[in-house]
Amino acid sequence: MITEIAPAAGPVVTEPARPGKKRRAWDEVPRWQIYLPLGIYLLFTLIPFYWILLFALRPAGSTSLVPWPVTFEHFHKVWTERSFATYFTNSVYVGVSTLVLTTVVALAGGYALARFDFRLKRGFMLALLCSQFVPGALLLVPLFQIFAKLQMINSLGSVVIAETVFQLPLSMILISGFIRNVPYSLEEAAWVDGCGRLTAFRIVVLPLLRPGLIAVGSFAFVHAWNHFLFALMFLSDQSKQTIPVGLNTLMSADSVDLGALAAGGIIAAVPVVIVFAFIQKWLITGFSAGAVKG
Amino acid sequence: MAQAAAVAKPPAPPPRRRASATPRRLPYLLIAPAALLMLGFIAYPVLSVFYYSLQNYNPTKPWRNGFAGFGNFTQAFAHDPQFWDTLTFSAKWVVVEVGLQLLCGLALALIVNQTFAGRALGRALVFSPWAVSGVLTSAIWVLLYNSQTGVTRYLADAGIGSYGTSWLSDPSTVFPAAVVADLWRGVPFFAILILADLQSVSKDLYEAAEVDGAGRAKQFWHITLPHLKDAIVLSTLLRAVWEFNNVDLLYTLTGGGPAGETTTLPLYVANTSVDAHDFGYASALTTVAFVILLFCSIVYLRISKFGGETK
């Protein structure tokens, strides 16, 4: 099982070593049957991206289909006048805090689920699964009341907690799956060598969990970065709002400033694109190692 | 991101015991933070929703507050056409979105699972909208659909359609327009999950099938699809729940309009509680939505015999 996870650290995911001479018939799909549908789908995927770049980079009022000459006026405007600088900082705070909190709490819980039998285990697992059906959007009112009681309305902490809580169940199930893939005997061997449970975990298990933790952590970050409703409801002060709320404000203006909206959208996308580029190779292995087996 | 793994540590273990002994309290200590968070911020709110669903509760009309029995529920089922409209629209939205996303995602996964030149780049590009948020998706499609400088303008330039067309404000086009926008973002989810599962199909099976003279269509039908079944059932279910609950996209793209044409049940609930402050009624609607979701999920898992055929 370890062998299934370990190679994930390397870039190669699925290239099977095939004896080059014989090509299997099932492998011989005519090229056009691949490239034609793929090309059509790529157009559908990429035109919207191009469109937002176009609007962000061409001068206001232009109708040219090529963003030339390039202008950065929209970015400047959105960053300074529309306070995206503040939103960006807030979003980074929410995203990173959610990532750390979710990963740490889910790692602890996931370890307990993977390694111990305890009386409440089945009930806890059931609660985790059931929580998947609880619609966060429908709990807005009670959550608002709770945070009001805790005096956390208008504090970024409320959003971090709300995002973490809804991210936890799935993260914990995934992580316990990853941990189960690491043979217990490895840990036991480390104890025999005199390590405590914590040291053994850190030295033996944690390195093997890297792809899984990266997948889970990035999910938490991207989710918190993208999510909109909690921030909209819990943060009324403009200086506390996050990027999705800022985008919504731009969109719901009476006359939408399309250039500013496009530039704001690109600012919203940049961190996600970076995370995505970084984790892509881990994503599929992360899933196939843990998710499907649960 | 890599640091996250290094930073992450389970909370302090109980006072030093012999590591090899199985400490009885350790698992409880380890799940305690998660359990407390979920009790406080999921279980308690859910219970309070159930409680308020039986109450008249409106902070702006305190003189009416009090026990309502099933009044809120009779109100919804018997006297509120908007409840039925939004419920019907939710069902339509979920079925159309999940169905189309699954079909496109499956097709895409099969394609990018082949070996071809430029596969890595192709995969990266195809999956790229996966992480785009609902709000950003709305922003992008507002740019595409706007009546002044959106695609319709350039289509009109080319002689197709007329100038000033806005698909999002016309009741006859708003549904397909919103579906396409959400499809754009939703397909990669299925494509990624199905691709991950495709990689665990044993190649021997295909080779054996080939020896037996089965064509590609037959191989797909008898090997690939049965193998994918559990992943498909699970991902469609998760996605359906998600599509039902998620309000980001429709809230920002159409705001539920025009004329309530694209208001889902959760969107209606949000409006009822946030704008009308009718928490009691909103809680009853939430309860109804919750029960419907649970019921549909159980029926779906039963019908699809989830996990039944695998060992």
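Every chain is numbered from 1, with letters handed out A, B, ... down the list of sequences.
- In this structure, A/R58 forms a cation-pi arrangement with A/F55, its terminal cationic atom sitting closer than 6.0 Å to the ring centre and no more than 45° off the ring axis.
- With rounding to the nearest 0.5 Å, the separation of CD in A/Q167 from CG in A/L99 is 10.0 Å.
- With sequence neighbours left out, the side-chain contact (heavy atoms from CB on, under 4.5 Å) criterion links B/N245 to A/P135, B/V241, B/L293.
- The aromatic rings of B/Y57 and B/F279 sit tilted relative to each other, their planes meeting at an angle between 30° and 60°.
- Contact annotation for A/Y41: only side-chain heavy atoms (C-beta onward) come within less than 4.5 Å of a heavy atom of chain B.
- Looking at B/V126, both its backbone and its side chain come within 4.5 Å of chain A, counting heavy atoms on both sides.
- Residue contact with chain B, scored on non-hydrogen atoms closer than 4.5 Å, is absent for A/R115.
- For B/L108, the part lying near chain A is the side chain, with the backbone staying farther off; criterion is any non-hydrogen pair under 4.5 Å.
- In summary, the aromatic rings of B/Y51 and B/Y44 are positioned with their centroids too far apart to meet the 6.0 Å limit.
- With a 4.5 Å cut-off on non-hydrogen atoms, B/A107 does not touch chain A at all.
- If you measure heavy-atom distances from A/T45 to chain B, the contacts under 4.5 Å come from both the backbone and the side chain.
- Judged purely by distance below 3.5 Å, without hydrogens or angles, the side chains of B/T224 and B/Y206 pair a donor atom with an acceptor atom.
- Residue contact with chain A, scored on non-hydrogen atoms closer than 4.5 Å, involves the side chain of B/S48 exclusively.
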